[in-house]
Structures are given as structure tokens and as C-alpha cells.
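First the proteins, then the strands, lettered A, B, ... as listed; each starts at 1.
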There are 2 protein chains.
Amino acid sequence: MRNDNWWCGRFRGCGYKVTVPREAILEVLSLTDKHLSAEDIYLAVHKKYPAIGLTTVYRTLDILVSIGLIYKFDFGDGRARFELAEDSKGKKHHHHLICTKCGRIIDYTDFIDDEFELLQLVEKGLSKKYNFKISGHLIQFCGLCDKCR
Amino acid sequence: MRNDNWWCGRFRGCGYKVTVPREAILEVLSLTDKHLSAEDIYLAVHKKYPAIGLTTVYRTLDILVSIGLIYKFDFGDGRARFELAEDSKGKKHHHHLICTKCGRIIDYTDFIDDEFELLQLVEKGLSKKYNFKISGHLIQFCGLCDKCR
DNA sequence: TTGTTAATGAAAACTATTTTCATTAACAGA
DNA sequence: TCTGTTAATGAAAATAGTTTTCATTAACAA
Ligand SMILES: [Mn+2]
Ligand SMILES: [Mn+2]
Ligand SMILES: [Zn+2]
Ligand SMILES: [Zn+2]
């Protein structure tokens with residue numbers, strides 16, 4: 001049992017082994033506030049561990065999404081982007097503001113309480129009406145940022 | 001001036017010619033309530049006009065998105081999906097409920113007024129705080145549909 | 001320490017989408 | 001209606017993100 005990072009428990013609990021690539025990938029994600037693509041992560045990880053392959057990055061990201069440690073987003077630039085889920089560290093639940101010109105992403109938490117209140121109401125209503133088990137939501141605004149408008 | 005469909009005006013007004021492929025693609029989109037992929041549209045159009053190519057479908061969809069006649073969505077299945085914008089015909093503004101297991105998409109308009117009210121508030125606040133010119137929003141819920149839960 | 005088996009990396013495959021380029025058709029003006 | 005200009009088109013090739021294959025390696029339970 002090499003390491004006792006906070007994620008090892010969740011990882012082993014789901015039947016996955018704790019490996020060097022997996023730890024390296026999670027470290028990269030936990031040290032940034034950006035929304036990284038698989039290749040971004042590969043390049044960052046590559047600096048410290050040049051032997052880790054892009055395939056492993058993709059595979060690990062799939063697992064991390066499936067066990068809820070990270071979120072996967074599509075911001076319309078043709079590649080998936082990832083960010084650590086909020087429950088673990090100091091991360092707060094937030095939504096996104098996307099510049100359609102330069103691709104800049106802003107995390108915002110303003111009005112999140114008002115949004116949460118409405119989300120509760122809507123989720124409840126929808127799950128009853130459509131007999132849906134709702135597990136998540138996506139809210140984002142798009143437009144032009146201060147530099148692009 | 002061959003045709004006088006409602007979209008011809010908008011089309012010519014933006015400097016685009018009205019062509020057989022463009023009309024065929026818009027017809028397919030206006031006759032369905034589904035969320036079609038480029039290939040879906042290509043196949044549908046192909047039945048009536050076998051000469052129309054997939055490339056033209058992609059090109060036309062790009063234009064239609066850029067002039068606001070259709071919306072482009074990513075529902076996580078690896079291909080873009082399209083649907084007619086609401087302002088033109090009997091279409092109402094709506095949001096989406098997505099089954100993560102079978103991929104089913106449900107258009108819902110329930111609570112849309114409450115959502116709209118909040119969106120107004122949030123858009124106003126965000127555009128002031130971040131000096132963003134907001135042009136659109138995306139709201140969707142994901143979970144398991146009645147058949148998959 | 002060892003055996004089992006999941007995890008890995010390189011290369012190839014896959015797939016949605018875009019680009020290239022020669023040909024065709026829309027339509028403004030005559 | 002006819003014609004010239006030029007945007008639009010379709011086939012094929014290229015691109016790029018992601019997934020699959022398969023032989024090798026490493027995690028970890030015993
Ligand atoms: Mn974020
Ligand atoms: Mn819809
Ligand atoms: Zn911008
Ligand atoms: Zn379903």
C-alpha cells in the first residue's frame with residue numbers, strides 16, 4: 001500500500017489498483033484551476049513521468065469520470081475537458097461562462113444558491129413527471145468575454 | 001427566385017444562396033421532433049436527393065448554426081446533434097433531459113418560466129460582474145429514464 | 001516472495017469532421 | 001430569357017480526437 005492520498009480509498013473501493021500513472025494524473029488535475037484536455041494532462045504528466053502514454057491518460061480519465069472523481073465537459077472546441085469534482089478538496093460546485101470567440105472559461109459561483117433552489121424544484125418535478133432518476137445537471141452561459149466583445 | 005419558404009429571406013439576407021441541398025436539409029429538420037446527427041440528416045436527405053453529399057450537409061449545418069436557424073448540441077455520444085431553433089415555427093424554447101444509459105433525449109418545457117426568470121437574473125448579474133456579453137444558455141439534466149432506471 | 005490478473009504503452013484502427021480541388025448551379029445584370 | 005461571375009457542391013483525401021489490440025509489466029493478495 002504505497003500511498004495514502006485521499007483518493008486511494010475511493011479508488012480501491014471500486015476495485016481499481018493504485019498506480020503511478022493514476023496518481024500522476026490525479027495530481028495534475030488537483031494542482032490546476034484550468035479545464036484540461038486529455039492531451040494537456042498527458043503533456044503535464046509527461047514532464048515528470050515520460051513513460052506514461054496518452055492511451056493510459058484516456059483510460060484513467062474514463063475511470064475517474066465513472067467513479068465521480070472528475071467531471072467531463074464539452075465546451076465546443078472539439079476535445080473533451082476535465083476538472084476535479086468538488087466534494088473532495090476545497091473545490092466548490094460552480095457553473096461555467098464560455099467565450100464563444102476565444103474559448104475562455106470562467107467558473108462562477110454567483111447566484112449558485114438561487115440556482116440550486118430552482119434546480120431542486122425542477123429536478124423534483126421532472127423526475128416525477130417523466131419518471132426519471134436525475135443524477136446531475138449542466139448549466140452554462142455562452143457569449144463574449146470582456147476582451148472579445 | 002425559386003422558392004419562398006420562410007427561411008429564404010434570412011438565408012439571402014445573410015448573403016447565402018438558396019440551393020436544393022439547403023432546402024432539403026432544412027425540410028428534414030423541420031419535419032422531425034428528434035435530435036438528428038449530421039449523418040442522420042444525410043441519410044434522410046439522401047432518400048429524396050441521392051446526389052447530395054455528406055460534406056454539404058456538414059457545411060450547411062455550420063451555416064444554419066451561425067445564422068441562428070438551428071441549434072447544435074453535444075449529448076455525449078460522440079457526434080453533434082441538431083434541432084431547429086424555436087423562433088420560426090411552432091417550436092417552443094425548451095431544455096433537455098438526457099438518459100445516460102440509452103441516450104434518450106426528452107424535451108421539456110415544464111418550469112421553463114421559473115427557469116427563465118432565474119436566467120434573466122443570473123445573466124444580468126454575470127454580464128455585469130464579468131463584463132460578458134451573454135448570448136445564450138444551456139441547461140440540461142442527466143440521469144436514467146423510466147426504462148433504464 | 002510469488003502468482004494472478006489488472007494495468008500499461010506502442011501501434012494500429014476507428015470515426016466524426018474538415019479540407020482540397022475540379023465541376024456545377026444560383027442569380028444579378030443585360 | 002440569356003449569360004457571366006462566383007459561391008456552392010461532391011468525391012476523395014486529410015485531419016484529429018479517441019478507442020482498440022496485443023504483448024509486456026507491475027500491483028497486491030496470499
Ligand atoms: Mn469549472
Ligand atoms: Mn430539443
Ligand atoms: Zn473571449
Ligand atoms: Zn434510458
Side-chain angles (χ1 to χ4, degrees), chain A residues 1-5 7-26 35-43 45-67 70 72-82 103, chain B residues 1-5 7-26 35-43 45-67 70 72-82 103:
Chain A
M1 215 161 293
R2 186 175 24 141
N3 202 317
D4 280 314
N5 280 314
W7 57 66
C8 292
R10 176 96 66 102
F11 231 69
R12 290 210 180 82
C14 294
Y16 294 109
K17 295 178 179 173
V18 174
T19 68
V20 171
R22 287 171 183 176
E23 293 206 281
I25 289 164
L26 269 166
H35 304 82
L36 303 179
S37 67
E39 197 186 7
D40 291 337
I41 295 166
Y42 166 73
L43 291 173
V45 151
H46 191 79
K47 288 179 188 161
K48 199 168 173 184
Y49 302 98
I52 294 175
L54 181 56
T55 309
T56 297
V57 174
Y58 275 107
R59 277 190 290 232
T60 301
L61 291 171
D62 275 351
I63 292 172
L64 293 175
V65 169
S66 78
I67 64 181
I70 64 173
K72 180 179 186 176
F73 292 100
D74 168 63
F75 293 131
D77 65 345
R79 60 192 64 194
R81 296 192 169 269
F82 302 87
Chain B
M1 215 161 294
R2 186 175 23 144
N3 204 316
D4 280 313
N5 280 314
W7 56 67
C8 293
R10 175 97 67 104
F11 231 68
R12 291 208 179 84
C14 293
Y16 294 109
K17 294 178 179 174
V18 174
T19 68
V20 171
R22 288 171 183 175
E23 294 205 281
I25 289 164
L26 269 166
H35 304 83
L36 303 179
S37 67
E39 196 185 7
D40 291 337
I41 295 167
Y42 167 72
L43 291 173
V45 150
H46 191 80
K47 287 178 188 160
K48 198 168 173 186
Y49 302 97
I52 294 175
L54 181 57
T55 309
T56 296
V57 173
Y58 275 107
R59 277 190 290 233
T60 300
L61 291 170
D62 275 352
I63 292 172
L64 293 174
V65 169
S66 77
I67 64 180
I70 64 174
K72 180 178 186 174
F73 292 100
D74 168 63
F75 293 131
D77 66 345
R79 59 190 63 193
R81 297 194 168 267
F82 302 86

Which of the following nucleotides, C:dA6, D:dA8, C:dT20, is nearest to the side chain of A:Lys17? C:dA6
Check every atom of C:dC27, D:dC28, D:dT18 against the side chain of B:Val18 and return the nucleotide holding the closest atom.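 It is C:dC27.
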Once you round to the nearest 0.5 Å, how far does CD1 of B:Ile25 lie from OG1 of B:Thr19?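 Here the rounded value is 7.5 Å.
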When rounded to the nearest 0.5 angstrom, what distance separates CD1 in B:Ile63 from CZ in B:Phe11?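 CZ of B:Phe11 is found 5.5 Å from CD1 of B:Ile63.
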In whole angstrom, give the distance that lies between atom [atom1] of [X] and atom [atom2] of [N].
X: A:Ile63; N: D:dT19; atom1: CD1; atom2: P; result: 12 Å
X: A:His46; N: C:dG9; atom1: NE2; atom2: P; result: 11 Å
X: B:Tyr42; N: C:dA16; atom1: OH; atom2: C1'; result: 15 Å
X: A:Leu54; N: C:dA10; atom1: CG; atom2: C1'; result: 11 Å
X: A:Arg79; N: D:dT19; atom1: CZ; atom2: P; result: 14 Å
X: B:Asp40; N: C:dA16; atom1: CG; atom2: P; result: 11 Å
X: A:Asp62; N: C:dT8; atom1: CG; atom2: P; result: 12 Å
X: B:Phe11; N: D:dA7; atom1: CZ; atom2: P; result: 15 Å

Quick check on [N]: is either OP1 or OP2 less than 4.0 Å from any side-chain nitrogen or oxygen of [X]?
X: B:Tyr58; N: C:dT17; answer: yes
X: B:Arg22; N: C:dA26; answer: no
X: B:Thr56; N: D:dG10; answer: yes
X: B:Ser37; N: C:dA16; answer: no
X: A:Arg12; N: D:dA27; answer: no

Between A:Tyr16 and A:Lys72, which has a closest nucleotide on DNA chain D that is more 5'? A:Lys72
Just by distance, do the side chain of A:Arg22 and the backbone of A:Lys17 share a donor-acceptor pair under 3.5 Å?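 Yes, A:Arg22 side chain to A:Lys17 backbone: donor-acceptor pair under 3.5 Å.
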Measure from the side-chain N and O atoms of A:Thr60 to the backbone N and O of A:Thr56, and report whether any donor-acceptor pair falls under 3.5 Å.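 Looks like yes, one N/O pair under 3.5 Å.
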In terms of ring plane angle, is the pair B:Phe75 and B:His35 parallel, tilted or perpendicular, where the classes change at 30° and 60°?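 Answer is perpendicular, since the angle exceeds 60°.
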Counting distance alone, no hydrogens or angles: does the base of D:dA12 have a donor or acceptor under 3.5 Å from a partner atom on the side chain of B:Thr55?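 Check passes, donor-acceptor contact within cut-off.
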Does A:Pro21 or B:Glu39 map to a spot on DNA chain C nearer the 5' end, using the closest nucleotide for each?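 On the 5' side of the pair lies A:Pro21.
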So what does A:Arg59 touch, heavy atoms closer than 4.0 Å: a base, only the sugar-phosphate, or nothing? base
